[in-house]
Structure formats: structure tokens, C-alpha cells
Amino acid sequence: MQPFLAHPFDSDRLHEECGIFGAIGVADASNFVALGLHALQHRGQEAGGIVAHDSEQGFNSAHRFGYVRDNFTKTDVMATLPGPLAIGHVRYSTAGTKANTAIRDVQPFFGEFSMGGCAIAHNGNITNAAALRRELIERGSIFQSSSDSECIIHLMARSIQRNIPERMKDALRRVEGAFSVIAMTRTKLIGVRDPLGVRPLVLGKLSDDGFVLASETCALDIIGAEFVREIDPGEMVVISKGKVETSRPFGPSQGRFCIFEHVYFSRPDSIIGGRSVYETRRQIGVELARESPVEADLVCPVPDSGTPAAIGFAQESGIPYGMGIIRNQYMGRTFIEPTDQIRNMGVRLKLNVNRALIRDKRVILVDDSVVRGTTSRKIKDMIIDAGAAEVHFRIASPPTAWPCFYGVDTPDRDKLLAAQMTPEEMREWIGVDSLAFVSLNGLYRAVGEAKGRNGKCPQYCDACFSGDYPVAPFDQLERGFQMKPGSESTVNEAAE
């Protein structure tokens, strides 16, 4: 089976590249993992995999292209994954040549060591993966995939430690960038976050001996698991026989969680840092209305990601809220080859304007971000064609001017509209009456930082907006990427 084709207009969105889930101490753990991955499908739609362990059959795995619902709900597939311990992974189809994914690139990855087997599922991006890969190949490692995550398995194989958790610590100390990892041995479920905690990972409880690890709390809800806590930045947990052991293999660290998880990546029904993602996004809309008011007749979200912010904007401004754009819930990804003719149909494949509501109105459109800007132009054209008197864009994030190297699929910097134009130039290019973004301080206030952003030591990773990278992207620097002048100090402070 070939990978699903991405929707022709997905390239104008930022996309998380994967979601991870693990379960231990429950019968048929793979069924729980499949449900958890289904709840995390928004984090990756191209492919998924599950590895399970049973005392009689040992390790078994299944890797498939496509949605979780189309693969891991089949009785014949799930029957091959018995046992009380399992982990899983969903990945996103990225742009360009990276979309030519082979099944060998689909996680979890598995390695057999002298003390037994281990499978790993990784969310994030290793920023020194190219250098590690060269080193490992020169020393005799044979890679099976194109994934940076495979470096972890090979580093573990070269460790001299006598058990798998210690080997994993050795391996991850060599790794730079962002990683949340869920791993399993024959008897243990392991979770670990990088020292900055850029990517999320939470712990849940199913029963006295049953525990789960997941990228988001929404994956706990679907299986009725109790939320216990978030795994801390730089923390490793090892779960076995109903007990959770914790350690901090990287020493003291200060977190720099990805702020775009609040803006877009995480599901609105998830909880991050004790805060509802929905409420944070609604509050971003409130900040937008305070910072960039405009006279209008209607506030409309660009569904679905712009909806909470649009609600907040309408509540704060007093301007009526309305569903001026309706999303085709059955479009998602397409089996249609995205030819030029299909591409020229624009977002009409996915969105349709509620003409009766829009006609003769001054409309405020609220969206989560502007990446390349092509979708924003098409949506504006649709609103104008429907008879709107004016179109104003309000964006629930600051301008995205820098690529992410920590596990998010972003275009090169020269393809980011905000890196090439001023906000006024962007307004003219999109063709709207006004365009405004929430400020970086406004975004920080919305996520609960009342004093805004700490410029000397930012509370979050906001590199896609600020250009301040908490970990130097060494692989990209080798390829000629130019960091923002002065940002090296932020990197050094984060490292300390």
C-alpha cells in the first residue's frame, strides 16, 4: 500500500510530525495503544505502528500507512499484537522529498540487545542527527531507515551499560534537539523528555498496575485513564510491576516547552501545564481584540483551528460571532492526485463560505497562523466572492518568520511569508483591508505569563516567531542556515 497523499493545501500549515503512546499492565495493551493513537491522529496522519510484547510470543509489531482507524481496528491485525505491554507511534507526511516514506521509516523502531529487545517511539527532532549518523556509520552501524530517531537505537547498542534504561540514558546524553521518547523492554515501559521539555509527554493511570504514557491528555480521556502528571523536562520514568521509578539523567534543567503546542498542535480538549488548551486559545483571541481592534459586523473563524480564538475575539470586542466558513468534515486527506487543476480549485475542496451570513458584512477572519500565505489569499477571495464588504485578518500567533528544527514540519525560511515581508507588505499581498498578529507578549499573557515574555530567558521555545533557538541546530548550520544575530546568547543560556 502506498502512503496517503497529503491534501494539496496542507503545505500552508505547520504540522507536528508525530504522536506517541504506550501502555503497561493491562490485558491486550495494543488495543489501548490503538485507541490512544486514534486520539493523537492530529499529530500524524501518514502512517502508524505498534509494537507489543507477550511472554509466550515475545515482541510483535505492525506498521501501516494511513489512518489508525483503517489499520488498527482490524481484528486480524490486532490479534498479532498480544500482551500486557505495547507502544505506538503516528507520523505526519512531511513536504518535499521527505514525503517519499518507506515502511521501514515508520516507528516504533526495534533493536535486540544482549540483555533483550527494546522498541522506541520518538516525538521531536534530533538536531545533530547527521553528525551522529556519520559517526555511527563510520564505526560500523548499518541503518535501516532515513529517520533521525534510529540514531538512538544505534547509540544504545554501543553503550557498555548493563541494562536498557541505563543504555538509553547514555544514548540520549549524546543527542541534541527535542525528544520525547516512549520505549519498552520485555517488562518495562520507559518515558523520557529532553532537558528543555520542548515536546509534551504525560503519565496516566488505568488500574493498580496499569499505566500509560502519551503525548497529550486527550489520549488518556479516550481510554478512561486518570491523568497523573506531566513528565518533567529532563526526566526519565521507568514503569514496571505497578511502580514508577524516576530519575534525571541530564542534570538540572529549565524547561522551554514549545509555545506552538498551545497555539495549534495540541487538541483543544487537552491540558498543558494545568491549563486548558481551548481556554488558552480563547484567551489569545481576547488579547488580539485588545491589541488590534477594528470596526466590523461579524467575527468568523477559519475552521477548525481558528475557532477558539475567534470566540475570544468576539466576546472581548462585542462583535457577533458567526460560522462564515463551513469545513467539509470528510475531506481531510485525499486519494486524488493533486494535479494543477485540483490545486487551482483552492481551499474550496476543504472550505465553503456561508454566503447568506457573509453578504454585505464587514468580516473579521481569525486564523491560527500564516505560513506561506497562499491559503489566506484563497480564503480572502472566497469571502469577497461571497459579497463581503470588507475583510480583516486577525492571526492568533505572531508572524512565523523562522523554521522549526525541533520536530515540526516547516518550510525553508525563504518560503515563510513573514521572513520576506513586513506585516503591511503581507496585508497588501494577501489583499485584505487590515492584517494584525497577536504580539509575542500577548501570546505569553494568553498562556498564563502575566508579565509577558522574559527576553533574557524566554519561558517557552518560540523560535519560529523570535528566531531565538534554545538548542543550536547544528545539522542545519552545517548546511548553511544563518541564525539571527545575537541569538547565540539565548542558546548558550538554555544550555546552561
Side-chain angles (χ1 to χ4, degrees), residues 12-16 42 257-270 272-273 275-294 296 298-319 321-325 327 347 351 363-373 375-377 379-380 383 391-402 404 408 410 416-418 423 426-427 430 432-449 452-453 459-466:
D12 201 28
R13 292 286 184 203
L14 298 183
H15 294 280
E16 181 66 82
H42 59 287
F257 184 68
C258 171
I259 202 165
F260 215 86
E261 290 277 357
H262 286 282
V263 174
Y264 178 71
F265 297 138
S266 294
R267 256 177 48 171
D269 51 335
S270 285
I272 297 176
R275 293 179 59 86
S276 158
V277 173
Y278 172 87
E279 179 56 29
T280 293
R281 291 176 186 169
R282 191 196 67 82
Q283 191 61 36
I284 293 173
V286 171
E287 293 289 340
L288 257 175
R290 293 171 179 170
E291 293 181 345
S292 303
V294 63
L298 192 66
V299 178
C300 296
V302 176
D304 291 314
S305 54
T307 301
I311 292 171
F313 193 104
Q315 291 172 339
E316 180 66 19
S317 66
I319 300 171
Y321 170 91
M323 294 298 292
I325 300 175
R327 181 173 182 264
V347 291
L351 305 173
V363 179
I364 299 171
L365 292 176
V366 181
D367 204 354
D368 62 271
S369 60
V370 174
V371 183
R372 289 180 171 90
T375 297
S376 299
R377 290 182 75 172
I379 291 173
K380 178 269 301 181
I383 297 295
V391 181
H392 304 271
F393 257 111
R394 293 296 180 267
I395 309 301
S397 62
T400 304
W402 296 86
C404 174
V408 178
T410 43
L416 293 170
L417 195 65
M426 293 172 69
R427 183 198 68 76
I430 294 171
V432 289
D433 293 280
S434 72
L435 170 68
F437 298 81
V438 72
S439 68
L440 199 51
N441 278 327
L443 176 57
Y444 270 76
R445 288 192 295 270
V447 299
E449 298 290 343
R453 182 179 190 261
Q459 304 94 312
Y460 287 86
C461 176
D462 54 27
C464 55
F465 307 131
S466 67

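Bear in mind the structure is a predicted one, so any value in this text is a computation, not a measurement. When reading the values below, keep in mind they use all heavy atoms of this one structure, side chains included, and skip hydrogens, waters and symmetry mates.
- Side chains of Val408 and Cys464 form no contact here, defined as non-hydrogen atoms less than 4.5 Å apart.
- Judged by distance alone, the side chain of Ser317 and the main-chain N or O of Phe313 form a donor-acceptor pair under 3.5 Å.
- For the atom pair CD1 (Ile379) and CD1 (Ile383), the distance works out to 8.0 Å, reported to the nearest 0.5 Å.
- Between His42 atom NE2 and Phe265 atom CZ the span is 10.5 Å, to the nearest 0.5 Å.
- In this structure, CD1 in Ile364 is found 8.5 Å from CG in Leu298, a value given to the nearest 0.5 Å.
- Side-chain atoms of Arg427 come within 3.5 Å of backbone atoms of Val432 as a donor-acceptor pair (strictly under, hydrogens ignored).
- Contact annotation: the side chain of Leu417 never approaches that of Val371 to less than 4.5 Å [non-hydrogen atoms, C-beta and beyond].
- Relative orientation of the His262 and Phe257 rings is perpendicular, given thresholds of 30° and 60° on the angle between their planes.
- Closest approach of Ser466 to Leu440, counting heavy atoms only: CB-CD2, 4.2 Å.
- For the ring pair (Phe, Tyr, Trp, His ring centres under 6.0 Å) test, no residue two or more places apart in sequence or in another chain qualifies with Tyr321.
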Would Phe260 and Cys404 satisfy side-chain contact (heavy atoms from CB on, under 4.5 Å), going step by step from the backbone distance to the final call? CA-CA 10 Å; Phe260 215 86; Cys404 174; over 6 Å; no
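- Judged by distance alone, the side chain of Glu316 and the main-chain N or O of Gln283 form no donor-acceptor pair under 3.5 Å.
- Not a single donor-acceptor pair under 3.5 Å links the side chain of Glu449 to the backbone N or O of Gln459.
- Contact annotation: the side chain of Pro301 never approaches that of Ile325 to less than 4.5 Å [non-hydrogen atoms, C-beta and beyond].
- With values rounded to the nearest 0.5 angstrom, Thr307 atom OG1 is found 10.0 Å from Arg327 atom CZ.
- When side chains are defined from C-beta on, Arg394 counts as touching Val294, because their heavy atoms get closer than 4.5 Å.
- How far CD1 of Ile430 is from CG of Leu435: 5.0 Å, rounded to the nearest 0.5 Å.
- Here the CZ atom belonging to Arg282 is positioned 4.0 Å from the CD atom belonging to Glu279, to the nearest 0.5 angstrom.
- The shortest non-hydrogen separation linking Val438 to Leu443 is CG2-N, 4.0 Å.
- Among all heavy-atom pairs drawn from Glu287 and Ala446, the shortest one is CG-CB, 4.3 Å.
- The heavy-atom pair separating Ser376 from Phe393 by the smallest distance is O-CE1, 3.7 Å.
- Of the possible donor and acceptor atoms, none in the side chain of Asp433 sits under 3.5 Å from a partner among the backbone N and O of His392.
- Under the 4.5 Å side-chain criterion, counting only non-hydrogen atoms from C-beta, Thr400 is not in contact with Val370.
- In this structure, Pro308 and Arg281 approach most closely via the heavy-atom pair CB-CB, 3.6 Å.
- Looking at Cys461 and Ile259, their side chains never come closer than 4.5 Å, going by heavy atoms from C-beta outward.
- Residues Asp367 and Ser305 come closest through the heavy atom pair OD1-OG, 4.0 Å.
- With a 4.5 Å cut-off on side-chain heavy atoms, Tyr264 and Ser397 do not count as touching.
- Residues satisfying the side-chain contact (heavy atoms from CB on, under 4.5 Å) test with Pro399, not counting sequence neighbours, are Ala418, Phe437.
- Taking the side chain as every heavy atom from C-beta outward, Ser266 and Ile272 approach each other to under 4.5 Å.
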